> 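My questions will all concern the structure given below.
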Amino acid sequence: MSRFAGTAALVRLALRRDRLRIPLWVLGIAGLVYASGSAVAGVYDDRASIDAYANLVGGSPMTVAFAGPPVGLHTLAGIVVYETSFTAVVGVALMAVMTTTRHTRAEEESGRSELLRSTEVGRHAGGLAGLVTCGIACVALGLALWAALASTAMSVAAAGLFAAGMTLLGLVLAAVTLCLAQLFTHARTATGAGVAFFAVGYVVRAAGDVREDWLVWLSPVGWVQATHVPTENRWWPLLVPLAATVLLVWLAVVLAERRDFGGGLLPARPGRPHAPWSLTGTVGLAWRLQRGAVLGWSVGLLLGGALTGGLGSAMQDMVEENPTLAEYLTVTEGASVLDSYLATMVLILALTTGGYAVWAAGHTGVDESDGRLELLLAGPLDRRRWMLGELFVAGAGTVVVLLAAAVGIGVAHGAVTDDAGEGWRAFTAQLAYLPALLVLVGLVAVVRGWRPGWSFVGWVVLAFCFVVGWLGGLLQPPEWVADLSPFSHVPRVPVDRVADPALAGLLLVAVALAAVGVVGFRRRDVGVG
């Protein structure tokens with residue numbers, strides 16, 4: 001029997017399982033890119049505003065590190081690429097890493113792969129099927145990005161080259177994750193290592209772009225951005241990620257041949273002979289399982305906050321030369337440009353923190369889907385106590401991650417303005433969004449409690465909040481639509497004053513939603529939606 005026998009059947013199975021996940025990934029990322037690209041055309045609508053953007057952004061090392069090489073910024077199409085590349089790159093990377101892990105290492109860890117291999121399925125069929133499934137998702141996303149950008153200020157050829165680069169970036173990261181799945185025993189570790197590889201690559205690319213040297217060629221992100229869309233439109237740099245994908249797939253096959261099925265080449269660390277007292281309760285166990293994610297998200301938001309805080313002075317100059325951009329930031333009478341910029345940035349950081357909140361609250365379904373929850377509840381553990389412990393850790397982790405973002409933006413903003421008071425204002429403005437984030441936790445708790453099969457609802461709601469919060473100033477949605485987002489009920493600090501009744505109302509809503517979720521979980525069967 002061939003080592004790849006049964007691959008086609010496994011691909012069909014994976015696509016069947018991801019019939020909702022992949023379309024949501026594709027539509028969500030492409031939709032954000034389209035909305036952002038379309039909004040840019042309305043902001044930079046004359047030569048003066050375009051040149052002002054190019055002079056200010058192109059000369060800032062922090063913006064170059066954040067978005068990539070300043071190519072074609074004196075054109076509207078170049079600004080579209082510059083404003084949308086970060087969203088596209090991060091979205092493709094996360095989709096590739098998570099999709100590949102889900103259909104490779106996670107399948108082995110759950111024991112489903114072992115059942116499938118008892119039939120006519122080859123040794124490498126599972127890994128190849130996971131890679132092919134992720135490849136189909138990347139191609140679909142590339143086509144969606146092509147259509148989205150071609151309908152903005154970009155030409156069809158430039159949009160196609162950009163989309164091809166994003167597709168190949170996803171394939172490279174999928175191949176890297178496939179290799180990591182051979183090294184580590186647990187899916188969570190493989191996913192974390194894949195995301196860490198991307199993060200390191202992004203930092204290396206940033207250093208290379210700022211220094212304008214060869215370091216960019218050590219990063220997959222640098223390979224795809226070397227196409228220099230939309231000015232030079234070079235196709236040949238895409239040969240590098242294509243060749244790297246082939247080599248990495250070959251390496252994954254070699255590594256798979258050298259390990260036992262179900263295990264990893266790197267052995268798992270042996271645990272303590274006796275569990276610490278912190279693992280005797282539901283809160284301690286939940287914290288032990290989520291502490292790595294809390295650390296990773298905290299470091300990322302800390303750096304993101306520091307970057308946005310450090311860009312305050314440059315943004316003030318840019319907004320003062322572009323009245324349309326000032327309208328986007330919705331500068332109110334009596335508010336400074338800097339305050340309006342901070343109000344927008346703390347909202348975006350809060351929405352990003354919402355990604356952790358949705359993930360952490362949805363983590364309650366992992367033990368249930370893998371069959372471990374039934375073992376826990378077979379003893380004296382009460383259902384309500386278990387779920388409340390999980391939600392408490394999700395809420396506490398959200399506080400920690402948001403606090404990291406607040407420290408980053410507060411310290412950086414205070415250093416740029418040379419005013420500790422300004423740094424404190426930015427810090428407290430970030431924390432004002434905590435009640436809205438807890439509402440997201442409560443919403444996911446309702447879904448997990450009553451309809452666990454609808455776990456995607458939390459991400460859909462977060463995407464909606466992101467569009468309303470990020471692009472609402474340009475899209476001008478009806479007021480009742482904007483009010484559906486809990487973030488719309490938080491005052492635009494530091495432009496507006498903090499309203500205690502509004503924040504208290506959001507906290508009550510969060511508590512009520514969590515209670516409804518606990519009731520639903522108590523009434524339904526475990527493993528049944």
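Just so it is clear, the values below take in all heavy atoms, side chains as well, and ignore hydrogens, waters and symmetry mates. Index from 1, following the sequence. Owing to the predicted nature of the structure, the values given are computational and were not obtained by experimental measurement.
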> Return yes if some donor-acceptor pair links the side-chain N/O of Thr428 with the main-chain N/O of Arg425 below 3.5 Å, else return no.
yes
> What donor-acceptor contacts under 3.5 angstrom involve side-chain atoms of residues 130-138, with partners at least two apart or in another chain?
unit_1: Thr133; atom_1: OG1; unit_2: Ala129; atom_2: O; d: 2.8

> Indicate the atoms forming the closest heavy-atom contact of Gly395 with Leu438, along with that distance.
CA-CD2, 4.0 Å
> Under a 3.5 Å distance rule, please check whether Ser36 uses its side chain to pair with a backbone N or O of Leu32 as donor and acceptor.
no
> Nearest 0.5 Å, please: how far is CG in Leu391 from CE in Met387?
5.0 Å
> So, for Thr101 and Val97, which heavy atoms are closest and what is the spacing to 0.1 Å?
OG1-O, 2.9 Å
> Applying the side-chain contact (heavy atoms from CB on, under 4.5 Å) test to Gln430, which of Ile409, Leu301, Thr353, Leu342 qualifies?
Ile409
> Donor-acceptor pair, distance only, cut-off 3.5 Å: does the side chain of Trp297 make one with the backbone of Ala357?
no
> Could you tell me which residues satisfy ring-ring contact (aromatic ring centres under 6.0 Å, His included) with His124, sequence neighbours excluded, listed by chain and number?
Phe4
> As an exercise, state the distance from CZ of Arg384 to CG of Leu388, rounded to the nearest 0.5 Å.
8.5 Å
> Can you tell me how far the CG atom of Leu462 sits from the OG1 atom of Thr352, to the nearest 0.5 Å?
8.5 Å
> Keeping Arg205 on the side-chain end and Gly222 on the backbone end, is there a donor-acceptor pair under 3.5 Å?
no
> Looking at Arg102 and Asp18, is any side-chain nitrogen of the basic one under 4.0 Å from a carboxylate oxygen of the acidic one?
yes
> Would you call the rings of Tyr202 and Phe86 parallel, tilted or perpendicular, where under 30° means parallel and over 60° means perpendicular?
perpendicular
> So, does Ser85 use its side chain to make a donor-acceptor pair with the main chain of Ala67 at under 3.5 Å?
yes
> Whether Arg259 and Glu108 form a salt bridge (side-chain N of Lys/Arg under 4.0 Å from carboxylate O of Asp/Glu) is what I want to check.
yes
> Taking the six-membered ring of Phe521 (Phe, Tyr or Trp), confirm whether the NZ or CZ of Arg448 is under 6.0 Å from its centre and within 45° of its axis.
no
> Does Ala187 offer a backbone N or O that forms a donor-acceptor pair with the side chain of Glu109 under 3.5 Å?
yes
> Which label fits Phe427 and Trp424: parallel for a plane angle under 30°, tilted from 30 to 60°, or perpendicular past 60°?
parallel
> Quick check against the 3.5 Å criterion: does Glu257 have a side-chain atom that pairs as donor or acceptor with the backbone of Val253?
no
> Enter the distance from Met95:CE to Leu169:CG here, rounded to the nearest 0.5 Å.
9.5 Å
> Nearest 0.5 Å, what's the CG-CD1 distance between Leu15 and Ile22?
5.5 Å
> So does Trp386 get a backbone contact from the side chain of Thr282, meaning a donor-acceptor N/O pair under 3.5 Å?
no
> Kindly say whether Gly449 contributes a backbone atom to a donor-acceptor pair with the side chain of Arg524 at under 3.5 angstrom?
yes
> For Ala244, enumerate each residue passing the side chain to side chain contact (heavy atoms under 4.5 Å, CB included) test, keeping only those at least two apart in sequence or located in another chain.
Trp223
